[in-house]
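To start, the structure itself, in structure tokens.
The first residue of the sequence shown is numbered 1, and numbering continues consecutively from there. Counting starts at 1 for both ligands and their atoms, in listed order. Please read these numbers as outputs of a predicted model, since none were measured by experiment.
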Amino acid sequence: MNKVQVAQISVPEDWVDFGIGQPQVGILPIEELEKASHHRFQQKDRNILQYGMQQGNGSFRISLAQFLSAQYGKTVEPDHLLITAGISQALDMICALKTNPGDTVIVEEPSYFLALRIFADYKLNVIGTPIDENGIIIEALKENIEKHKPVFVYTIPVFHNPSGATLSHRRREELVGLSEEYDFFLVADEVYQLLNYTITPPKPMSYYDTPGRVLSLGSFSKILAPGLRLGWIQAKPDLLEPFIVCGYLDSGGGLNPLISSIVNSMLELGLQKSYLGFLKKTYHERMVTLCSALRQYVPSLEFMDPSGGYFIWSCLPEGADSESLLAAAGKHKVGFQPGIKFSWSNGLRNYLRFCFAYYGNKDLLKGVERLAQVIG
Ligand SMILES: Cc1ncc(COP(=O)(O)O)c(C=O)c1O
């Protein structure tokens with residue numbers, strides 16, 4: 001009988017697949033969540049098993065707002081938070097409620113390839129706009145906005161997937177300014193905001209949002225566990241309103257009330273804070289390991305050391321084709337993500353993305369040794 005698959009991705013044990021952008025299974029916080037569950041269940045509050053408040057459990061939103069305020073060094077209001085089932089679900093809901101088939105959305109080139117899948121589900125017309133090491137290039141974006149008149153711009157403004165870039169303070173102000181001038185809204189996917197290693201990034205995009213046009217998306221997937229399916233949207237109440245009153249939440253109630261209650265205990269007991277500290281230290285070490293090994297053993301790859309997040313975004317000289325290298329790498333049981341996946345227009349063929357979160361240092365080194373036999 002075939003082995004029963006329980007997780008989204010199953011990698012053969014003797015492979016090192018740098019393409020997987022997920023946390024390492026072995027460091028997921030099962031003991032902490034066990035403690036938090038016990039803490040919550042022993043309170044015998046049966047409301048946690050009831051349909052939840054549409055916007056998300058009020059007590060959880062207060063704890064989350066306190067945690068985020070401490071992390072950001074700036075106040076987050078519980079009323080500015082809507083609890084979601086993660087960023088993917090938030091993106092789906094935004095498309096469902098705010099777009100019509102054929103509407104244009106602008107994404108970064110490169111962008112998170114699975115967000116592109118969600119936009120395709122809603123039959124949106126996707127247009128790419130270039131970025132550099134400081135995020136979206138404002139002049140090029142302005143031209144694209146004038147030409148294509150988007151409903152929204154989807155940006156990953158911090159420790160970008162895949163490029164690692166962080167949008168500068170000035171460009172954040174300019175971007176929000178454009179959203180007002182040209183009447184569109186901004187979807188800021190800030191999934192890596194709290195995973196900073198060598199810099200303190202600018203505050204989340206919602207802090208720049210004087211006109212009320214920013215939906216800042218956060219998630220517990222990368223700071224706790226993706227299996228929780230829990231996240232939030234931070235935005236001004238007027239912008240949140242259509243989501244809170246939508247039919248989906250009216251019928252099913254707020255999202256993941258039971259899991260919210262358990263994560264509330266993680267926050268109350270300080271377990272989320274200590275686990276995040278552990279993750280930042282662990283990922284920082286892995287990032288250093290992978291960067292220095294790639295520089296030493298695969299010198300033809302060019303890249304900048306990321307200052308947070310999960311990924312190293314590297315390139316080979318123009319003309320190289322990372323997809324065909326991937327097939328060759330597979331023979332050595334090593335993988336990565338080819339750049340073409342992150343492109344709205346099938347470009348970026350000479351780029352490769354490596355994740356340093358899924359494996360420990362020993363396996364990262366083993367993977368680089370294998371890669372060196374293919375790329376060098
Ligand atoms: C940029 C980006 N957005 C969203 C997600 C998925 O987030 P969630 O698990 O909260 O749906 C990921 C996961 O890799 C990501 O890299």
Q. Honestly, is R295 close enough over F303, meaning NZ or CZ under 6.0 Å from the six-membered ring centre and within 45° of the axis?
A. yes

Q: Do me a favour and list the nearest non-hydrogen protein atom to atom 9 (O) of ligand 1 with residue, atom name and distance?
A: S221 OG, 2.6 Å

Q: Mark up the atoms of ligand 1 that fall under 4.0 Å of a heavy atom belonging to S219, in ascending order.
A: 8 (P), 10 (O)

(Q) Aromatic contact between Y154 and F119, with the criterion being ring centroids under 6.0 Å apart: yes or no? (A) yes

Q: Give a yes or no on whether a salt bridge exists between R171 and D132, defined as a side-chain N under 4.0 angstrom from a carboxylate O.
A: yes

Q. Does the ring centre of Y310 sit less than 6.0 Å away from the ring centre of Y283?
A. yes

Q. Going by the atom numbers of ligand 1, which of them fall below 4.0 Å from some non-hydrogen atom of G86?
A. 10 (O), 11 (O)

Q: Determine whether the side chain, the backbone, both or neither of Q22 has a heavy atom under 4.0 Å from any heavy atom of ligand 1.
A: neither

Q) Considering Y310, Y192, F113, which one's heavy-atom position lies nearest to atom 16 (O) of ligand 1? A) Y192

Q) How does S88 reach ligand 1, if at all, at less than 4.0 Å between non-hydrogen atoms: by side chain, backbone, both, or neither? A) both

Q: Check ligand 1 against N161 and write out every atom of the ligand that is under 4.0 Å from a heavy-atom position of the residue.
A: 1 (C), 15 (C), 16 (O)

Q. Between the candidates Q89, H160, K222, which shows the shortest non-hydrogen contact distance to atom 14 (O) of ligand 1?
A. K222

(Q) Does either side chain, that of Q66 or that of R61, offer a donor lying less than 3.5 Å from an acceptor on the other one? (A) no

Q. Distance under 6.0 Å and angle within 45° of the ring axis: does K98 meet both against F185?
A. yes

Q | SB check R213 D183 (cutoff 4.0 Å) | A | yes

**Q.** ligand 1 atoms in contact with V191 (distance to a heavy atom under 4.0 Å)
**A.** 1 (C), 2 (C), 3 (N), 15 (C)

Q.
At under 4.0 Å between heavy atoms, is it the side chain or the backbone of I87 that contacts ligand 1, or both, or neither?
A. both

Q) When you measure from atom 1 (C) of ligand 1 to every protein heavy atom, which one gives the shortest distance, and what is it? A) D189 OD2, 3.4 Å

Q: Please state whether the rings of Y197 and H284 are parallel, tilted or perpendicular, taking 30° and 60° as the class boundaries.
A: parallel

